[in-house]
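Note sheet for the following structure.
Keep in mind that the numbers below use all heavy atoms, side chains included, and drop hydrogens, waters and symmetry copies. So you know, we letter chains A, B, ... as the sequences are listed, proteins then strands, and number each from 1. Predicted model only: the values in this text are computed from it and were never measured.
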2 protein chains.
Amino acid sequence: MTTNQSESHVLSKSCQYALRAVVYIAAHSTTTHLVGAQEMADGLDIPKHFLSKILQQLTRNQVISSTKGPHGGFFLSKENERITIDRIVEIMDGPGLFKACVLGLPQCSSTKPCPLHFQAVEYRDGLYNKLKRLNIKELALVVHQENIKI
Amino acid sequence: MTTNQSESHVLSKSCQYALRAVVYIAAHSTTTHLVGAQEMADGLDIPKHFLSKILQQLTRNQVISSTKGPHGGFFLSKENERITIDRIVEIMDGPGLFKACVLGLPQCSSTKPCPLHFQAVEYRDGLYNKLKRLNIKELALVVHQENIKI
DNA sequence: TTAATAAAGGATATAAGGGTCTTTTATTAG
DNA sequence: CTAATAAAAGACCCTTATATCCTTTATTAA
């Protein structure tokens, strides 16, 4: 078989990194120790400079918090912890992912469905609704309780 | 909000084009009229040369059939019509799409799940199973009966 | 056999995502 | 105040997906 090897994906790499980073911060930051970009890059095996860009973006969008200087780093405020996962996906991959047609048809909708519309919508909305109801704190808690590797 | 505007997707553009093209061929080719690349490019509003590449790939993989020369073009053999949609996705986007972890973690599985594993799997496997059971002929029939725009 | 047609194939160009490097700004300890 | 630290910011590069162009091969009609 001849393939493209294009390896399509649901979430971009930036988004995958962002989600893992947020969970990492939740798991490793304490009042006495903020998590640094270097530490995170090592712990998650993500290129440091690329991760930094993503962390900047999350900070600008107030998904995570940061302080500069010695002993500086990233942490989660109470407000941050209540941010839901779909928001992170939206920031990293845009608002279209859970709304756009699988076949890329702009006019596709439930009244004018594309050939795969209902198949796709059923499962897409299912995932989306779960991400909308799951916030960072809850996600981090699950990861901790189930001892899940990130 | 500052976003990437990366507009992530489930299926690559090549794959979206491929699926639409296959349905187009099913709908428009007859024993007396084969569908040409130009006609398809116009009808589907896809760049002709890019579409040609995709059609070549589908032909090589025996998803569609073609003949050269005057009155040549693309059509579906009986064997082609029985090809299932997941096969087209596999050819265009590789075999990883419906198997890889949402967060890109290689070690993620049901026994060692990532934070989003079960949420994602439900979505992904559901769609995948439908695509595995839906062949080209059936898809084209639905499109025709429901008068769906492609 | 020749001209016309249309797919196949190869090479190349463009845009976006992914990744790296350097400089600037803010903070803290001494 | 100064030196050290670490995030913020901007410029840049590489790879891949997307898109285009040009040549070759196969087929048909005249």
Within the pair A:Ser14 and C:dG17, is there a side-chain N or O less than 4.0 Å away from OP1 or OP2? no

Can you figure out which of D:dT18, C:dA8, D:dA7 approaches the side chain of B:Gln56 most closely? C:dA8

Which distance, rounded to the nearest 0.5 Å, do you find between the CZ of A:Arg60 and the CD of A:Gln62? 11.5 Å

May I ask you to evaluate whether A:Tyr17 reaches the phosphate of C:dG18, defined as a side-chain N or O under 4.0 Å from OP1 or OP2? no

Distance in angstrom units between B:His49 NE2 and C:dG9 P, rounded: 17 Å

Can you tell which of D:dA7, C:dG18, D:dT27 lies closest to the side chain of A:Ser12? C:dG18

B:Thr59, nearest nucleotide to its side chain (from C:dA8, D:dT20, D:dT18): C:dA8

Mind checking side-chain hydrogen bond (donor to acceptor under 3.5 Å, both in side chains) for B:His33 and listing every partner two or more places apart, or none if nothing turns up? B:Glu39

Exercise: identify the closest heavy-atom pair between B:Ser29 and B:Leu76: OG-N, 4.4 Å

Could you check whether B:Ser52 gets within reach of a base, just the sugar-phosphate, or nothing at all, counting any heavy atom under 4.0 Å? nothing

Looking only at the side chain of B:Lys13 (C-beta and beyond, no hydrogens), which of the listed nucleotides C:dA7, C:dG19, D:dA19 gets closest? D:dA19

Nearest whole Å is fine: how far is C:dA6 P from B:Asp42 CG? 13 Å

At under 4.0 Å between heavy atoms, what does A:Lys53 touch on the DNA or RNA strands: base, sugar-phosphate, or nothing? base

Among the nucleotides D:dA9, C:dA26, C:dA7, whichever has the atom closest to the side chain of B:Lys68 is C:dA7

Do NZ/NE/NH1/NH2 and the carboxylate oxygens of B:Lys130 and A:Glu122 come within less than 4.0 Å? yes

Comparing A:Pro70 and A:Pro47 on DNA chain C - which has the more 5′ nearest nucleotide: A:Pro47

